[in-house]
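To start, the structure itself, in structure tokens.
None of the values given here were measured: they were computed from a predicted structure. Basis for what follows: all heavy atoms, side chains included, without hydrogens, waters or symmetry-related copies.
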Amino acid sequence: REIAAAVPELGENAHGRGVVFLPGPYTFTRLVENSYYENPADLAADYVLFLAANGAELQKRGYSAALLSEPSVGYDFSLECFDENRWRPGLLAPLKEAGLTVGLNFPLADASCALPVVEDSGADFFGVDTVYTDAAGIETSKDLLLGVVDGSRIGVEAAEQIVETAKAFAQAARFSGSYYIGPADRLSDVPDKQGLKKIKALAKAAAELE
């Protein structure tokens, strides 16, 4: 099934700035049943090619960026079984060639451990969970998406707290200098009302950081 067929139309006001959230290649290879590929890296590469084949259709529907979530990275770090060989240089290049901006997000993980492995993957920016990541250990040439709102916690962060967290992290990390803010992970695990409050807090914090 084509991914784009399952994505709803955004309407005339989207202006091509929509973001589609998808499982990252590492997480995909860790979660699917595989009886065909001897090398998981080949499965990851074909998965990216499949996503890229839908790039033009996604853009027609208003999506200009793909955020690939890698929750399995943090899980594997905790078990000390992270497999670097599932990553290849330029792995995400087909998505960029398809015209999409590409981000890799590492929820519930110390992103400082993952970035050295994925720096040459072709991603345009990296998502870091500020709760679990050592900011001083971040070193990348790419932009950062700072996960300053905890998607697994029902409590709502104050906008002032978000601003303080973002500024402190950006000051301690070494990166391109450009960053965005957002939730560290999906907000679907918290009640809708709490999720909306978190989004409003993020919007207020973003305005203060401009």
Side-chain angles (χ1 to χ4, degrees), residues 19 21-30 40-41 44-45 47-48 51-52 64-97 100-153 157 161-186 202 205-206 208-210:
V19 180
F21 295 80
L22 299 164
Y26 183 93
T27 294
F28 182 81
T29 61
R30 291 286 283 113
Y47 172 65
V48 171
L51 298 181
S64 61
L67 182 61
L68 308 179
S69 184
E70 294 286 7
S72 290
V73 168
Y75 181 77
D76 283 6
F77 278 157
S78 70
L79 298 179
E80 298 183 351
C81 64
F82 178 66
D83 183 6
E84 296 186 11
N85 294 324
R86 293 174 190 255
W87 291 96
R88 290 174 175 168
L91 176 64
L92 305 177
L95 284 168
K96 294 185 65 174
E97 292 168 1
L100 294 171
T101 299
V102 185
L104 277 175
N105 189 37
F106 300 99
L108 302 175
D110 184 348
S112 67
C113 299
L115 264 54
V117 178
V118 301
E119 175 73 17
D120 60 357
S121 64
D124 296 293
F125 65 94
F126 296 122
V128 299
D129 189 328
T130 61
V131 176
Y132 294 93
T133 297
D134 174 17
I138 291 293
E139 184 173 359
T140 178
S141 62
K142 307 298 177 64
D143 297 349
L144 295 181
L145 168 62
L146 302 183
V148 289
V149 164
D150 192 346
S152 62
R153 177 176 169 271
E157 297 83 351
Q161 176 189 346
I162 294 173
V163 170
E164 182 178 344
T165 299
K167 287 183 175 180
F169 195 100
Q171 184 174 8
R174 288 167 289 179
F175 63 108
S176 70
S178 296
Y179 68 91
Y180 328 97
I181 61 171
D185 197 2
R186 61 183 186 178
L202 277 169
E208 294 181 15
L209 287 168
E210 289 182 351

Do Thr130 side-chain atoms and Gly147 backbone N/O form a donor-acceptor pair below 3.5 Å? yes
Between Ala170 and Tyr179, the two heavy atoms sitting closest are CB-CE2, 3.7 Å
Rounded to the nearest 0.5 Å, what separation is found between the CZ atom of Phe126 and the CG atom of Leu67? 12.0 Å
Calculate, to the nearest 0.5 Å, the distance between atoms OG and CG belonging to Ser78 and Asp110 respectively. 12.5 Å
Locate the shortest heavy-atom distance separating Ala205 from Ile181; write the atom from each residue and the value. CB-CD1, 4.0 Å
Hits for side-chain contact (heavy atoms from CB on, under 4.5 Å) against Arg153, two or more places apart or cross-chain, chain-then-number order -> Asp150, Glu157
All pairs passing salt bridge (charged side-chain N to carboxylate O under 4.0 Å, His left out) where residues 85-96 contributes a residue, at least two apart: Asp42-Arg88, Asp83-Arg86, Lys96-Asp124
Sorted by first residue and then second, give each salt bridge (charged side-chain N to carboxylate O under 4.0 Å, His left out) pair with at least one member in residues 65-81; sequence neighbours left out. Arg30-Asp76
Under the side-chain hydrogen bond (donor to acceptor under 3.5 Å, both in side chains) test, residues paired with Thr101 that sit two or more places apart: none
Quick check against the 3.5 Å criterion: does Asn105 have a side-chain atom that pairs as donor or acceptor with the backbone of Leu68? no
Residue pairs meeting side-chain hydrogen bond (donor to acceptor under 3.5 Å, both in side chains), one or both in residues 167-176, sequence neighbours left out, come to Asp143-Ser176
Validation row: Leu202, Val148 side chains within 4.5 angstrom (heavy atoms): yes
Roughly how far, to the nearest 0.5 Å, is CG of Leu145 from CG of Leu104? 11.0 Å
Partners of Tyr180 by ring pair (Phe, Tyr, Trp, His ring centres under 6.0 Å), sequence neighbours excluded? Phe125
Sequence neighbours excluded, which residues qualify as ring pair (Phe, Tyr, Trp, His ring centres under 6.0 Å) partners of Phe28? Tyr47
Non-neighbouring partners of Glu164 that pass side-chain contact (heavy atoms from CB on, under 4.5 Å), sequence neighbours left out: none
Measuring from atom CG of Leu100 to atom CG of Leu92, what distance do you get when rounded to the nearest 0.5 angstrom? 11.0 Å
Could you pull out all residues at least two apart from Glu119 that satisfy side-chain hydrogen bond (donor to acceptor under 3.5 Å, both in side chains)? Thr140, Ser141
Option from Asp129, Val73, Val131 for which side-chain contact (heavy atoms from CB on, under 4.5 Å) with Leu108 holds: Asp129
Phe82: ring pair (Phe, Tyr, Trp, His ring centres under 6.0 Å) partners, not counting sequence neighbours: Tyr26, Phe77
Within-4.5 Å side-chain heavy-atom neighbours: Val118 and Leu91: no
Sorted by chain and residue number, the side-chain contact (heavy atoms from CB on, under 4.5 Å) partners of Pro71 (sequence neighbours excluded) come out as Thr27, Ser69, Pro107
Non-neighbouring partners of Ala52 that pass side-chain contact (heavy atoms from CB on, under 4.5 Å), sequence neighbours left out: Pro94, Leu95, Ala98
